[in-house]
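Accompanying notes for the structure given below.
Convention: sequence-line order gives letters A, B, ...; per-chain numbering from 1. All heavy atoms count here, side chains included; hydrogens, waters and symmetry mates do not.
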Amino acid sequence: MADSHQTFFEDEELIRPIEQTGPGFYATVVVLLCVIAFAGYTYVRQVIYGLGVTGLAQPVSWGFYIINFVFFIGISHAGTLISAILRLSKAEWRRPITRMAEVITAIVLAIGGLHPILDLGRPDRMLHLFTDGRLQSPLLWDVTSITAYFAASTVYLYIPMIPDIAILRDRGIKPRWLYQFLSWGWQGTDHQKRVLERAINILMVMVIPIAVSVHTVISYIFAMTIQPGWHSTIFGPYFVVGAIFSGIAALLIVMIAFRKAFHLENYLKEIHFKYLSTLLLIMSILWFYFTFSEYLTAYYGHEPNEMRVILYKFFGAISPYFWLMGVCNFIIPLVILANPKTRTIPGILIASISVVIGMWLERLIIVVPSLANPRLPYPTGVYIPTLTEWSLFAGGIAVFILGYLVFAKLFPLISIWEIQEGRDHSIAEVTDRLTTYLPDQPLRKL
Amino acid sequence: MPRWGMVIDLNKCTGCGACVVACKTELNVAIVGPEESGKGRTMLCMDIFTFYEGEFPNVKTRHMPRPCFHCDNPPCTKVCPVRATYRNEEGLVTQIYPQCIGCRYCQVACPYTVKFFNWSKPEWPKEMRKALNPDVSVRPDGVVEKCTFCVHRLQKAREQVAVENRELEEGDYVPACVEICPTGAMYFGDLDNAKHAVNKLKRSHRAFQVMEDLGTEPKVYYLSEMEIE
C-alpha cells in the first residue's frame, strides 16, 4: 500500500507487518478465537452452576484462578518496570525493546486483573467492592494498586507511541480515523518534542513505585493472614523479584517469537538478548536467594504447623512440582545462561520458557500447600483442577496472544522514532556523556 | 453488653453427633450428595473431630465438637473486602449472606478452617423442603457460610423477653447444638456475667481454648478430658 511517491524511509521493515497481513495471521486468530470461545462457554457454565464445576473444595478453596492471577500480574512486571528502569538508566540498547515490554504489561495486566472475578462465587455482586469496600482488606489494596498500575502503564505505553502513530497517519494507512484520532495532532515541532520528553520522564519515574507496589500488595493477600507458609515478612520483595524474573522471561519469549515472525533480526540483535539474559540470570540467582531464605527460616524454626506445610512441599503429594520449580527457575537458567556457549538465542528461549513454567509452579506452590494443610486435624486437602479451570487458563493465554497480535497489526512493535533518535542523536550524546564519566584530563602539551 | 460464649466439657461428650444434626436442620445448611461430599464439600457449621489413640484392640477414641469459635480478634473479619463478615458488639462473628461476594478470603484466613462455601445451588430432598427453619434464610450458591451461634434465637429471645417485660436471663438464648446435647456437655451464656455457668466454667483449671497462642481469643472454651480412676 506504500505510495510510490513516498520518500525513502529507513525503517520500512517495522511498518511492513502493519501494511501486509499473511494467511498465517488469520489462521492463528481463528485458532485463538476458538480457544477463547470455549473458555467463555466454560465460564458461563460456571456462573450458572456455581463454583462446584471447578476442582475447588474445602480446605483448598483457592486454586487456579488465584494462582493465575498472581502469575499474570507477575508477568506484567516485564514491561513497564523494565522499560522504565532501562529508560531511567539511559541504557541505549533499550530502544527496540521498550515498547514490546510495555505492550505485555498492558495486556497481561488486564487479563490478570480480571482473574479474581473468575474466582468470585457471586460475580453479580462485584460492585460491592466499590460501594461497600473496606480499605482494611488487602483485596481492596489490590483493586486500588492494580487499577493505578493499569492506568499508568497504558498511558506510559501510549504517550511514547504518538510520534509513531503520526508516521502511520502520514502514510495513509487504514483505518485512517484511528491514527488521525490517536496521533493527537502530532507534527513533530520542537515544542511537541519537549512536551513529549517531559511526559515520558515524569511517567517513567512514577511508574516504578506503582509497579513495585502492585506485586508487594499481591503478596500481602497471603502474608497478612496468619496461615503457615504465608505469614512471612519477605513475601513482598520475594513476589516483586519473582514478578520481574517471570516478566523478563516472558519478554524474551515474545521478542524471540516476533523477531522470527516479523523478520526483525536487524533490530533485535544478539546483543539485546545477551544483555536481557544476563538480567534474567541475575534475577534467577536472586530468586534462589529469596527462596532459600524463606524455606531455611521456616525449617530451622521447626514450628509444627510450618513444618507440616514444608514437608508437604518437600515430600508430599505436591513435591514433584516443588522440585520441578527449583529445576525450572534455578538450575536450567543457571546452566544455560552462565555458559557463553549455550547462551545463544535458542538457549535463551529454552531458559525463558523454563522460567515462565517455573514461576507458574511457584505460584502453585505458594497457594495450594498452605491451604491443603489446615492447622486443625482435618485430612490433607486435595486439589485437582477440572476442565473449567484449564480452559479458562488456556483462554487467558489465548487472549494475551490475540491481544499482542492485534496490537502488532495496528502499531509498530518497535518504536520507530526512538530508533531514529538513537541513530541521529544518541551516538554523539553517548560520546559526550562518556567523556564526563572519565576523570578530567590535566592539560597536556600538544 | 453481653459477650456470648460456649463451654464444651469433653469429659461429658460422647461424640453422638446430635449437635451436628441439630445444627444442620436449625440453620438450613444445605445437604450435598455423597459424591460432592467425597470431594470435600460437606457443609457443616458444627463438626466433630475424632481422635484415635492406641492400636487395636486397645483403641481409645476422643471426640471434640467444633463450632465457630467466634473469636474476639477474628482473622476472618479483618480481610473481608465488602463488610460481609464482622464481629458485632455482643461478640458474635456474623456473616451477611446477601452482601457476600464469595471471594472466600475469610475462609482462607480462618486458622480454624470453620468457614465453608456454597459450591453449588443448595438442594433438599422433596420430603425435607417443608421442614426448613423459617427463621433462617436459605443461602444461594456462591457465598461463604458459618456458624452464627444461632443468632436468630437471640432475636427471638429478645422479643419474648420484651413481651414478658423482664431482663434476658441465662437459658433464654441457647444455640440449637447446646439445647440438643443429650449429656449436657455444652454450656452457653454470657462469659462476662458472673451469674452464668460459662463464666465460672471458663475459669476452671481444665479450661482451654484451641490455639490460644494465635491471639485470636476464641469465645469457645473446652474443659479437657480427665482420666477417671
Side-chain angles (χ1 to χ4, degrees), chain A residues 46-62 66 116-117 119-143 220-222 224-228 230-231 305 367 370-371 373-379 381-384, chain B residues 32 35-44 47 49-52 64 66 69 75-86 96-122 139-144 210-211 213-216:
Chain A
Q46 177 187 304
V47 171
I48 293 171
Y49 294 106
L51 279 165
V53 297
T54 65
L56 299 167
Q58 188 98 332
V60 186
S61 52
W62 275 357
I66 298 291
I117 298 170
D119 188 63
L120 289 188
R122 309 282 325 177
D124 51 322
R125 296 177 185 165
M126 198 186 73
L127 290 179
H128 288 192
L129 280 172
F130 301 99
T131 55
D132 306 284
R134 279 180 79 243
L135 269 180
Q136 298 94 318
S137 167
L139 270 184
L140 248 281
W141 307 347
D142 257 2
V143 173
Y220 285 172
I221 293 188
F222 304 101
M224 290 297 143
T225 68
I226 50 171
Q227 304 298 36
W230 286 0
H231 192 50
N305 291 312
V367 174
S370 287
L371 290 173
N373 295 283
R375 281 193 172 89
L376 286 180
Y378 290 99
V382 182
Y383 173 56
I384 300 160
Chain B
V32 299
E35 197 187 313
E36 288 288 290
S37 188
K39 286 183 195 161
R41 290 177 180 164
T42 321
M43 298 171 75
L44 292 171
D47 199 352
F49 291 119
T50 307
F51 303 95
Y52 298 93
M64 186 178 155
R66 188 237 67 205
F69 295 137
C76 61
T77 62
K78 272 193 225 169
V79 298
C80 178
V82 293
R83 258 177 261 275
T85 184
Y86 71 106
I96 310 170
Y97 301 118
Q99 175 72 7
C100 178
I101 57 171
C103 68
R104 307 192 292 294
Y105 199 0
C106 56
Q107 192 186 349
V108 161
C110 173
Y112 304 104
T113 336
V114 303
K115 292 195 150 188
F116 54 92
F117 187 69
N118 273 280
W119 296 103
S120 309
K121 280 200 177 57
R139 279 80 61 188
D141 64 319
V143 299
V144 172
V210 176
M211 295 186 255
D213 52 322
L214 291 179
T216 52

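By the 4.5 Å heavy-atom criterion applied to side chains, A:Gln227 and B:Pro111 are counted as neighbours. Using a 4.5 Å cut-off on side-chain heavy atoms (C-beta onward), B:Thr113 and A:Arg375 make no contact. Taking the side chain as every heavy atom from C-beta outward, A:Leu371 and B:Val108 approach each other to under 4.5 Å. In this structure, B:Arg104 and A:Leu120 have side chains that are not in contact, with every pair of non-hydrogen atoms separated by 4.5 Å or more. Within the 4.5 Å cutoff, the side chain of B:Leu44 has no heavy atoms near those of the A:Gln58 side chain. Contact annotation: the side chain of A:Tyr378 approaches that of B:Asp47 to within less than 4.5 Å [non-hydrogen atoms, C-beta and beyond]. Proximity of A:Ser61 to B:Phe117: side-chain heavy atoms (C-beta onward) are nowhere separated by under 4.5 Å.
Remark: B:Cys103 SG to A:Ile221 CD1 distance equals 9.0 Å, nearest 0.5 Å. Put simply, CG on A:Asp132 and CD on B:Gln99 are 4.5 Å apart, with the number rounded to the nearest 0.5 Å. To the nearest 0.5 Å, the span separating CE on A:Met224 from OH on B:Tyr105 amounts to 8.0 Å.
Legend: residues meeting side chain to side chain donor-acceptor pair (under 3.5 Å) with A:Trp230, ordered by chain and number and at least two apart, are A:Ser370. Remark: B:Lys39 engages B:Glu36 in a salt bridge (charged side-chain N to carboxylate O under 4.0 Å, His left out) (not counting sequence neighbours).
Within the 4.5 angstrom heavy-atom criterion, only backbone atoms of B:Thr77 (N, CA, C, O) approach chain A.
Taking A:Pro138, A:Pro379, A:Pro228, A:Pro123 one by one and counting their heavy-atom pairs under 4.5 Å with chain B, the maximum is reached by A:Pro138.
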